Each structure stands twice: as C-alpha cells, then as structure tokens.
K.L.:
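Attaching a single structure in structure tokens format; questions to follow.
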Amino acid sequence: MAEAISAVGVVGAGAMGRGIAQVAAVGGYEVILIDSKPGVVEDAKGFIAKLLARSVEKGRMEQKDAEIVVGRITTAESLSQLNGCDLVVEAVIEDLDVKQALLAELEGIVRSDCILASNTSSLSIAAIAAKAKAPERIAGFHFFNPVPLMRLVEVIDGIRTAPWVCEALMEVGRRMGREPVRVKDAPGFLVNQIGRGYTIEAAHVVDESIATTEDVDRVMRDLVGFRMGPFELMDLTGLDVTHPATEMIHQQFFFEPRYRPSLLMAQRTAAGILGRKSNGGFYLYKDGQPIGQDEPAAPSTLPSSVWVSQANPDGARAILSALEASGVKVEAGERPSDSALCLVAPLGDDATTTALKENLDPARTVAVETLFAMDRRRVIMPTPATTAEMLEAAHAVLAAGRIPVTVLRDSPGFVAQRIVAMIINICCAIAQSGGASPEDVDKAPTLALNYPAGPLSLGDRIGPQKVHQILSALFATYGDPRYRPSPWLTRRARLGLSLKAPERMPV
C-alpha cells in the first residue's frame, strides 16, 4: 500500500500543516494543501519556498531541486479537490467535534482505499474515528513542531485501525525523511507520556522544598547531560501548554499516580506566570535570555579528616577520587574517628536513613550523589541533624578544583536519581503495556525531546537493579504508588536482563 501512495492531501496550513506539506513534497509526494481561512495556503506555500531557498543558500539543496519540491505543492480551495489523494492528513485545531466532522466530509470525497490520518497530539484516535463509516482506515500520524527539523513521527494504531494502514504510514514517514515509531492509542501517545517524568517529578521536588528550580536545572544539565533543565524547558514551552497536557494525561489514565500534576505548576498557571511568553516564569528574561542567580562561593574551611563509607563500593570510589584534589586526610579505618566528617553514597535513601542504617553520627554525616559523573558538578545533602560546620566542610572539600557543589535538603533519591528513575519507570510501564516496542520507547525521546540517551539505554547503563533500588526506596519513604516499580523493570532487574529485552510471546 505504501508504494501505491503518490498523492497526499494536507488539511490545515498552519505551522504543523505547512511543515507536513513540506516534508511530504521533499519526500517526492504530490501534495494538495488546503485551509478554511482565505489566503492561508498561499502564505504557507510562500513560507515553504523561503525555507527551501535558505537551504539552497546554505548549500544543503540544489536550486533546481528546491523548485521541483515547491512545484509538487498545489493549493486548493475545496475539499473536493482531494478526491484523487491516496492519503489525507488533517492538521486542524485540537477539537474532537471539528475533526469528526472533517473526517465525515472527507469520507464522502476520497476513494474507499484512501488513508485518513490525524496529526492530533492529544485526542484519542479511537474517539476521532468513532463516527466514521470506515474507522479501519483512520490512524494517527503525529509530527512534532517544527516539522522539517524534528525527525520523529508517531504512527498511532486506533482500536479499529487496520494493520495495513499503519504499516503504510511507517513507510510514508520514512520516505518523508522522518523516523517513525509505532504506538498504540493512549493518552499522550508515546513522547508526551515520557516527557511527564522529567517535568512533573522536578516540580514535585521543588514542591517539597528539596531544591530550588535553578538547582534542579543545574543538576540535570551538569550531572545527567540534558540540554535544558526541566524548568527552563517548561518556560520555553509555556505552562499554559505543559500543565493542561499533564492534567489531561493524568485524568485520561484514570488518575494514574505516575502522572499526578504538581501544585507548583497549577498555581503558576492560574496566576498567568507561564514562561517566556509572559516575560517571566520560573526565570525572568532579558533579551530572550534567562536571568539566573550566581552560585554562592564555596566555603574554604576544610575538615580535619574525612571518612568515606564503603557500604556502596562504587560510590566510595567516586567520592575518594573527588577528594584527591583537596589534599584532605582520608581515614582508612572501618569506623570513623570521633571528629571525622562522614561521607556516604546512598542509592534511593535519604541521608538520615543512610546514617541510621550505617550507625553513623547524623550530626557529622553528609550524603554525596555518586550515581552520575562528578566532573562538572557535585551534589550533597545533610541530615536534619548535620551541623553547619560539617555541612560547610563537606561543601569545601568537594568544591576543591573549582567544581560547583549543589546543596540539597535531605531527600530520598537526591534530585537526579529520582527524576531519572521516574523517566525510566514510565518507559518500562509503556513497554509493559505494549504501548510501543522497547526500541521505539528508547528512540522517541532522543529524537523528539533531545534526551541525552534513550531512557531504557540509560537504565541499562546505570543498572536495572540500581534503578529498582532507587524506586523501591522512594516508595518505602513516601508510601506513594507514584514510585512503585513497573513489573517490566522488576523482572529484568531480578533476572539481570537489559531493559530493552523483549517479552517472549506465545507462539
């Protein structure tokens, strides 16, 4: 069927529609572009021509090829002009009634074998197709904005979608130069589900006063390698987009705790503090750039000696390596002396729990984040009983070499462990439900969200057992089902398998 598709109709010539028309034409399809508003399609075609002209100027495309692509796009005034299309993609407003009415009209125009696809980002494909005469030929074909630059496209099977329809759309997506992923119809589809782990959990961390928004952003950039911190990202997207989408996904999943919205996001949305579009959000902006606060200078008084717990051998090695630049005396005994600063490296647990587990003096105990590389930033947290002198000493000794140190309030899972574990767990839950293949679950957020690695690959790098340990500790501390480990994660952690290991299905 994919080979038989040569003519593509695009209904809606806004930012998404014109982008879809462009990549379809670049992929060799004859495109008919239509919009209900007068003059919009002509403007869209002119906009596409300008983008292609820039590609020619930058040497990315030959002039003759750009002219051929523009020539493949025909503007239309009536839906009846789509009667010869093999595929029609609707990119109209996110309104169920509007989309259902459009599909009903299209069914009276196009051939019976024409695929009807929706670029919806939030509406159920099953609901969109519910009133159609032939729901089996309706599927989701969700692109990301800006379409020419975003390589991912989600191909979504509705409950009644025939398999051949999405198989054809997968190949069409490839011909358009996209990386298609096959997804079952679900709230948020794939990418918008995964993205909740990053933003929601960060907001819950701030809700609990564990860290400031700036500290969370610094930690996620410097330790884990995200291009933008979660609060920078929400400012860019706008809370008027992010928070309603979060509420919708939470409600449509029948209030699944993993997607529970945060009070922080709700209050700021209600107050109109939306981000860059309102000239201020989690950050203030000047000339389009966030105005951040400088980090305070590190204390200079080093401890007389440091004792490093060996309960987490990998963490102990990371701490000892970080201490080398300070020249401080490191005690070698099995137990610390009565005056030593005690450094511990918990996975999932908070500093208080760790100090009590290891029978250490909580007044002298400070926890250090060691799950991620410590060469760009270090993260520490005291117990509520840790003295100010010991906390300053820990800050000073780990800041040697001019590496910045972030100080958190006592928290299970620090910040990076907690957020990363939540992202991985959501991805495992999607794989468990069959919402997408492990390969597609891993690929989608790197292409659409610029994640530093696929979440399942990151989980394998950390170790599934460690991810499970972090979530279990969070669950034990909070008693919140938001942190319950997915069965997919639990089984692979127990069996020592990769998180990308597929299920063995019955023959």
Side-chain angles (χ1 to χ4, degrees), residues 15 144-146 149-150 191-192 194-249 259-298 369 372 376-381 395 399 402-409 411 413-420 422-423 445-446 448-452:
F144 294 83
N145 193 32
L149 300 181
M150 300 297 285
V191 169
N192 283 328
I194 296 171
R196 299 309 109 186
Y198 192 46
T199 54
I200 298 174
E201 197 57 31
H204 283 303
V205 166
V206 175
D207 268 338
E208 296 171 32
S209 295
I210 290 164
T212 67
T213 55
E214 284 186 309
D215 280 340
V216 172
D217 282 351
R218 289 166 180 154
V219 167
M220 297 311 293
R221 288 195 311 263
D222 294 348
L223 260 66
V224 191
F226 283 86
R227 293 186 186 180
M228 299 182 75
F231 297 100
E232 292 174 304
L233 178 61
M234 285 189 275
D235 269 3
L236 178 65
T237 305
L239 275 182
D240 57 332
V241 174
T242 302
H243 183 62
T246 299
E247 287 188 315
M248 181 204 69
I249 290 172
Y259 302 115
R260 186 186 304 129
S262 85
L263 183 61
L264 176 76
M265 294 166 66
Q267 289 180 329
R268 296 176 78 87
T269 303
I273 306 173
L274 306 177
R276 291 176 183 247
K277 65 180 64 177
S278 62
N279 294 318
F282 295 106
Y283 296 88
L284 295 176
Y285 291 86
K286 182 178 181 180
D287 299 327
Q289 297 299 315
I291 303 171
Q293 295 182 355
D294 293 333
E295 295 188 65
E369 168 67 278
F372 303 94
R376 294 183 61 195
R377 178 169 298 276
R378 287 151 189 185
V379 179
I380 62 176
M381 62 185 182
H395 191 161
R402 296 185 178 181
I403 294 177
V405 175
T406 296
V407 181
L408 310 176
R409 286 177 63 184
S411 163
F414 294 91
V415 166
Q417 288 182 22
R418 179 170 167 175
I419 294 175
V420 169
M422 283 299 291
I423 294 170
T446 62
L449 301 173
N450 286 320
Y451 280 16

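Source: prediction; values computed, not measured.
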K.L.:
Less than 4.5 Å apart, any side-chain heavy atom of T242 and any of R196?
P.N.:
yes
K.L.:
Considering all heavy atoms of both residues, which atom of F372 and which atom of V420 are nearest to each other, and what is their separation?
P.N.:
CZ-CG2, 3.9 Å
K.L.:
Do L223 and R376 have side chains that get closer than 4.5 Å, going by heavy atoms?
P.N.:
no
K.L.:
Could you give me the CA-CA distance, side-chain angles and deciding distance for R418 and I210, then say whether side chain to side chain contact (heavy atoms under 4.5 Å, CB included) is met?
P.N.:
CA-CA 12 Å; R418 179 170 167 175; I210 290 164; 3.3 Å; yes
K.L.:
Can you measure from OG (S262) to CD (E201) and round to the nearest 0.5 angstrom?
P.N.:
10.0 Å
K.L.:
Heavy atoms, side chains only, cut-off 4.5 Å: are D217 and P230 in contact?
P.N.:
yes
K.L.:
Distance from M234 atom CE to R268 atom CZ, nearest 0.5 Å?
P.N.:
9.0 Å
K.L.:
Using side-chain heavy atoms (C-beta onward) and a distance below 4.5 Å, is R218 in contact with P404?
P.N.:
no
K.L.:
Between R221 and R227, what is the shortest heavy-atom contact and its length?
P.N.:
CD-O, 3.9 Å
K.L.:
So how far is it from L233 CG to M228 CE, rounded to the nearest 0.5 Å?
P.N.:
6.0 Å
K.L.:
Rounded at 0.5 Å granularity, tell me how far CD1 in I273 sits from CG in D240.
P.N.:
12.5 Å
K.L.:
For D215 and V415, what are the C-alpha separation, side-chain angles and deciding distance, and is it a side chain to side chain contact (heavy atoms under 4.5 Å, CB included)?
P.N.:
CA-CA 9 Å; D215 280 340; V415 166; over 6 Å; no
K.L.:
So which heavy atom on Y283 is nearest to which on E214, and how close?
P.N.:
CE2-CG, 3.4 Å
K.L.:
Can you name the closest pair of heavy atoms from L263 and D207 and give their distance?
P.N.:
N-OD2, 3.3 Å
K.L.:
Nearest 0.5 Å, what's the CE-CD distance between M220 and E232?
P.N.:
12.0 Å
K.L.:
Any side-chain heavy-atom pair from Y285 and D235 closer than 4.5 angstrom?
P.N.:
yes
K.L.:
Of all heavy-atom pairs between L408 and A211, which one has the smallest distance, and what is that distance?
P.N.:
CD2-CB, 3.7 Å
K.L.:
Nearest 0.5 angstrom please: T199 OG1 to H204 NE2, how far?
P.N.:
9.5 Å
K.L.:
Using 30° and 60° as the class boundaries, would you call the ring planes of F226 and Y198 parallel, tilted or perpendicular?
P.N.:
parallel
K.L.:
May I have the step-by-step check of side chain to side chain contact (heavy atoms under 4.5 Å, CB included) for L239 and F282, ending in yes or no?
P.N.:
CA-CA 10 Å; L239 275 182; F282 295 106; 4.0 Å; yes
K.L.:
Does the side chain to side chain contact (heavy atoms under 4.5 Å, CB included) test come out yes or no for V241 and K277, once each step is laid out?
P.N.:
CA-CA 11 Å; V241 174; K277 65 180 64 177; 4.0 Å; yes
K.L.:
When you compare the side chain of R377 with that of E295, does any pair of heavy atoms fall below 4.5 Å?
P.N.:
yes
K.L.:
For P290 and R276, which heavy atoms make the closest approach, and how far apart are they?
P.N.:
CD-NH2, 4.2 Å
